[in-house]
Amino acid sequence: MKVLLVEDEQKIADFVSSGLALRSMEVTHCLDGSRGFEQACTGRFDAVVLDIMLPCRDGLSVLKGMRAAGVTTPVILLTARNELGDRIDGLELGADDYLAKPFFVEELAARIHALRRRLAGDRQNTVDVGGLKLDRITREVSCHGRSAELTTREFSLLEYLMRSPGQVYTRAQILEHVWGYDFDPSTNVVDVCIKRIRGKTAALDEQLQSPIESVRGAGYRIRTL
Ligand code: CA
């Protein structure tokens, strides 16, 4: 897998480059936004890891330019803790994910893999995990020919989890992806929504185990059967 890293801090660039290389990824590194943009526009990368604060051209401008030029390569933004506004702008400009500094390179590698899997899954209209089918066109969830009606939020949440079966998502990640912004972390909207999905999917088939598994202290995941 070919990864473009646009990062001006040499120390971060070094640990990311060597960490990803250890995981069989081929990393091309650019130190500034202008070079990064040129490289990104070649379209020869499978993913772009893009810092926001960069010399010459900032990361959000690079991202905006890429999307305007029709470059659809998935982008993971690297943000500092105090850049919440930038992070939201970035997601609106077409970033696929973000990672707050400081981070572990394992986490970045996992995000890159998850993104690739998700994008591969997005090309199909239906997702099927353990007999539970989700149709992206009709937005229908079914099992053994019986279907359930989910609200838009419930559907988005289930779809988000079903893209990467087995991967654990925290409440904060689910909130941000499904609700689109930062909620008060103490809110229980995620738990309430998951309870409703479980109720609806349980009604499809009494034998069907709940597709959503709670992982104590961590979050939720789709059971892999
Ligand atoms: Ca920087």
Side-chain angles (χ1 to χ4, degrees), residues 1-119 160 164 167-183 185 219:
M1 190 175 335
K2 291 187 171 68
V3 177
L4 173 65
L5 170 66
V6 190
E7 167 64 68
D8 59 319
E9 278 169 73
Q10 192 65 52
K11 235 172 81 183
I12 297 179
D14 286 346
F15 97 79
V16 168
S17 298
S18 56
L20 295 185
L22 273 175
R23 289 162 181 82
S24 311
M25 298 187 202
E26 192 186 308
V27 181
T28 300
H29 172 224
C30 294
L31 278 161
D32 69 69
S34 299
R35 285 282 302 144
F37 178 69
E38 277 169 30
Q39 283 293 320
C41 285
T42 62
R44 59 184 194 89
F45 297 97
D46 299 301
V48 178
V49 178
L50 184 60
D51 187 28
I52 291 189
M53 298 293 282
L54 289 168
C56 301
R57 185 169 181 176
D58 72 72
L60 292 181
S61 157
V62 171
L63 172 63
K64 198 173 171 185
M66 278 173 66
R67 295 305 185 231
V71 179
T72 56
T73 313
V75 171
I76 299 180
L77 287 176
L78 299 181
T79 68
R81 288 238 172 264
N82 56 1
E83 291 172 341
L84 173 64
D86 287 343
R87 206 161 87 193
I88 292 169
D89 289 347
L91 292 171
E92 277 168 6
L93 286 174
D96 300 272
D97 205 351
Y98 72 87
L99 201 54
K101 292 179 181 176
F103 56 86
F104 290 105
V105 77
E106 290 84 351
E107 168 92 38
L108 178 61
R111 297 285 185 100
I112 293 172
H113 281 304
L115 213 55
R116 294 292 302 163
R117 276 202 304 272
R118 219 161 78 193
L119 293 175
Y160 179 51
S164 303
Q167 184 174 334
V168 179
Y169 291 95
T170 64
R171 280 181 186 74
Q173 282 173 321
I174 296 171
L175 266 176
E176 192 153 336
H177 278 266
V178 178
W179 276 261
Y181 45 93
D182 273 9
F183 252 79

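Model, not experiment: these values are computed from the prediction. Indexing begins at 1, ligand by ligand and atom by atom, following the structure's order.
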Task: For the Ca ion (ligand 1): protein N/O/S atoms at distances below 3.0 Å - done: 3

- [ ] Taking the six-membered ring for Trp and the full ring for Phe, Tyr or His, determine whether the centres of Tyr98 and Phe103 are under 6.0 Å apart.
- [x] no

Task: Salt bridge flag under 4.0 Å for residues Asp97 and Arg116 - done: no

- [ ] Drop me the distance from Leu60's CG to Thr79's OG1, to the nearest 0.5 angstrom.
- [x] 10.0 Å

- [ ] Scan for side-chain hydrogen bond (donor to acceptor under 3.5 Å, both in side chains) pairs involving residues 12-32, sequence neighbours excluded, and state none if there are none.
- [x] Gln10-Asp14

TODO: Answer yes or no: is there a side-chain heavy-atom contact under 4.5 Å between Ile76 and Leu115?
DONE: yes

Task: Donor-acceptor pair, side chain of Glu107 and main chain of Phe104, under 3.5 angstrom - done: no

